[in-house]
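For reference, positions follow the sequence shown, starting with 1.
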Amino acid sequence: MLELTLQALFSGLLAGGYYATVAVGLALVFGTMRVINLAHGELVLLAAYIAYAGESRYGLNPVLCIPFALVVVCASAAIVYALLARIEQDREMNSLILTFGLGVILTNLILMTWAADIHSTTNAWMLDSFILADTLFAMRSEVVFFVAGLALMAAVHLWLSRSWQGRAVRALSSNRNAAKLMGVDPRRTEVLSFLVAGALSTFAGIAIYTGKTIYPALGHVMTVKAFIITVLAGMGSIPGVLVGAIMIGVIESFTVTFAAASLQELAGMVLFLVVLFVAPSGLFGGKKALPR
């Protein structure tokens with residue numbers, strides 16, 4: 001029983017790393033523009049399918065597909081921003097409608113291009129087992145991308161904390177008018193936030209393809225999960241995203257292990273509602289939208 005519990009905890013921790021990488025891009029965009037990009041999960045899925053295409057058609061290692069996927073996903077993210085930037089009235093509501101529509105379009109483009117089949121990597125190295133202390137098991141890709149995801153999130157945190165561009169993002173998220181008076185260009189900073197979110201989406205998509213299975217409807221699932229994690233953390237709180245993601249990952253893993261896989265999504269939603277009831281502003285909610 002103890003070994004089963006530890007394995008469920010380990011699997012949930014690794015799953016939380018995937019979820020955090022997906023959610024941090026959504027949190028970054030919200031912190032800068034105060035809009036929820038409902039096409040975010042579809043951008044993640046786009047990167048995953050590019051990795052699938054590179055591996056299935058050209059025999060490439062999925063990791064080698066990152067540069068091409070980065071270009072495509074970041075270009076798509078820039079298009080999403082260009083459309084959002086044209087909204088001048090009722091930005092919050094209209095941005096939700098627009099990005100939801102873009103997500104539907106991307107899902108159907110993926111469906112038309114790659115059909116509705118379920119895919120996953122066939123790379124032997126990625127699928128090889130990783131054994132920790134002779135008791136905990138996972139695929140090698142899960143551990144590699146979990147560690148890489150933590151490093152990437154740390155890099156984003158340092159970028160926000162130490163660089164001028166990162167401080168501009170934080171200033172814009174805190175007080176838009178004051179940031180403009182200090183010389184911050186809102187459009188340039190918002191574009192940069194979308195591009196960084198696109199880069200994070202690319203990495204998350206490749207990670208999901210190598211460790212999970214992908215299908216066209218997964219984009220919507222990832223958007224909802226990223227939104228739940230972002231709200232759990234406190235809207236715009238990037239450091240809290242990791243904690244929220246691990247909470248979701250662990251509770252889903254325990255539900256699958258000790259209850260039923262069909263209850264996995266329900267368990268995450270129940271946690272979401274409980275946290276909102278106890279702490280309406282999220283676990284790390286506060287006045288600051290992005291970390292120092």
- Message: Lys225 vs Glu252, test: side-chain contact (heavy atoms from CB on, under 4.5 Å). Steps then yes/no.
- Response: CA-CA 12 Å; Lys225 204 173 294 288; Glu252 287 185 352; 2.7 Å; yes
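- By the 4.5 Å heavy-atom criterion applied to side chains, Tyr209 and Cys65 are not counted as neighbours.
- Put simply, the side chain of His40 gets close to the backbone of Val22: a donor and an acceptor are under 3.5 Å apart.
- Here CG of Leu84 is found 6.5 Å from CG of Asn37. Values are rounded to the nearest 0.5 Å.
- In terms of heavy atoms, Ala115 sits closest to Pro216 at O-CG, 3.4 Å.
- Across every non-hydrogen atom of Val169 and Thr32, the tightest pair is CG1-OG1, 3.4 Å.
- The minimum heavy-atom distance linking Val73 with Leu43 is given by the pair CG2-O, 3.8 Å.
- Here the side chains of Met139 and Leu14 are not in contact, with every heavy-atom distance at 4.5 Å or above.
- Interatomic distance, Phe203 CZ to Phe145 CZ, rounded to the nearest 0.5 Å: 5.5 Å.
- Ile110 CD1 to Leu45 CG: the interatomic distance, rounded to the nearest 0.5 Å, is 4.0 Å.
- At a threshold of 4.5 Å between side-chain heavy atoms, the hydrophobic network of Ile, Leu, Val, Met, Phe, Trp and Tyr places Leu2 and Leu132 in one connected group.
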- Query: Can you list the steps and then say if Trp114 with Tyr52 is a side-chain contact (heavy atoms from CB on, under 4.5 Å)?
  - Reply: CA-CA 10 Å; Trp114 288 288; Tyr52 161 68; 3.6 Å; yes
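- Both Leu13 and Leu6 are assigned to one and the same hydrophobic cluster, defined by single-linkage of ILVMFWY side chains at heavy-atom distances under 4.5 Å.
- Two residues are said to be in side-chain contact when any heavy atoms from C-beta on lie closer than 4.5 Å; Thr135 and Gln7 fail this criterion.
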- Task: Could you walk me through whether Leu38 and Leu96 pass side-chain contact (heavy atoms from CB on, under 4.5 Å), step by step?
- Result: CA-CA 7 Å; Leu38 294 182; Leu96 290 176; 4.0 Å; yes
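- Between the CD1 atom in Ile208 and the OG atom in Ser120 there is a gap of 13.0 Å [rounded to 0.5 Å].
- Nearest heavy atom pair, residue Ala138 against residue Phe10, reads CB-CE2, 3.8 Å.
- Put simply, the side chain of Ser253 never gets that close to the backbone of Gly249: no donor and acceptor are under 3.5 Å apart.
- Ring-plane geometry between Tyr81 and Phe194 is classed as tilted, the angle between the planes lying from 30 to 60 degrees on a 0 to 90 degree scale.
- Judged by distance alone, with hydrogens and angles left aside, the side-chain atoms of Glu142 form no donor-acceptor pair with the main-chain N or O of Ala15 at under 3.5 Å.
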- Task: Begin with the C-alpha distance, continue with both residues' side-chain angles, and end with the deciding distance and a verdict on side-chain contact (heavy atoms from CB on, under 4.5 Å) for Leu28 and Leu160.
- Result: CA-CA 10 Å; Leu28 181 63; Leu160 287 169; 4.2 Å; yes
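- Between the Ser173 side chain and the Arg170 main chain, a donor and an acceptor come within less than 3.5 Å of each other.
- Taking the six-membered ring wherever Trp is involved, the centroid distance between the rings of Tyr18 and Phe146 does not fall below 6.0 Å.
- Here Glu265 contributes atom CD and Ile248 contributes atom CD1; the two are 9.0 Å apart, rounded to the nearest 0.5 Å.
- You'll find the side chain of Pro62 reaches within 4.5 Å of the side chain of Asn123, heavy atoms only.
- Side chains of Phe254 and Thr5 form a contact here, defined as non-hydrogen atoms less than 4.5 Å apart.
- Checked for salt-bridge contact, Arg34 and Glu190 miss the test: no charged N lies under 4.0 Å from a carboxylate O.
- Listed for the Arg167 side chain is a donor-acceptor partner under 3.5 Å among the backbone atoms of Arg162.
- Using modelled atom types, no side-chain atom of Ser95 and backbone atom of Val35 make a donor-acceptor pair closer than 3.5 Å.
- In this structure the side chain of Val72 reaches within 4.5 angstrom of the side chain of Phe68, judged on heavy atoms.
- The shortest non-hydrogen separation linking Val24 to Val241 is N-CG1, 4.0 Å.
- With a 4.5 Å cut-off on side-chain heavy atoms, Glu42 and Met222 do not count as touching.
- Clustering ILVMFWY residues whenever any of their side-chain heavy atoms sit less than 4.5 angstrom apart, transitively, puts Tyr19 in a cluster other than the one holding Leu266.
- Distance alone, capped at 3.5 Å, places no donor-acceptor pair between the Asp128 side chain and the Ala124 backbone.
- Val196 and Val184 fall into different hydrophobic clusters, where Ile, Leu, Val, Met, Phe, Trp and Tyr residues are linked whenever their side-chain heavy atoms come under 4.5 Å apart, directly or through other members.
- If you chain together hydrophobic residues whose side chains sit under 4.5 Å apart, Tyr49 and Val221 fall into the same group.
- Residues Trp159 and Gln165 have side chains in contact (heavy-atom distance under 4.5 Å, counting atoms from C-beta outward).
- The structure places CG of Leu271 at 9.5 Å from OG1 of Thr255, a figure rounded to the nearest 0.5 Å.
- No donor-acceptor distance shorter than 3.5 angstrom exists from the side chain of Ser174 to the backbone of Ala171, with no hydrogens or angles considered.
- Across every non-hydrogen atom of Leu242 and Ala20, the tightest pair is CD1-CB, 3.9 Å.
- Other residues, nucleotides and ligands contribute at most 12 non-hydrogen atoms within 6.0 Å of the NE2 atom of His220.
- Side-chain N or O atoms of Asn175 include one that pairs as donor or acceptor with a backbone N or O of Ala178 at under 3.5 Å.
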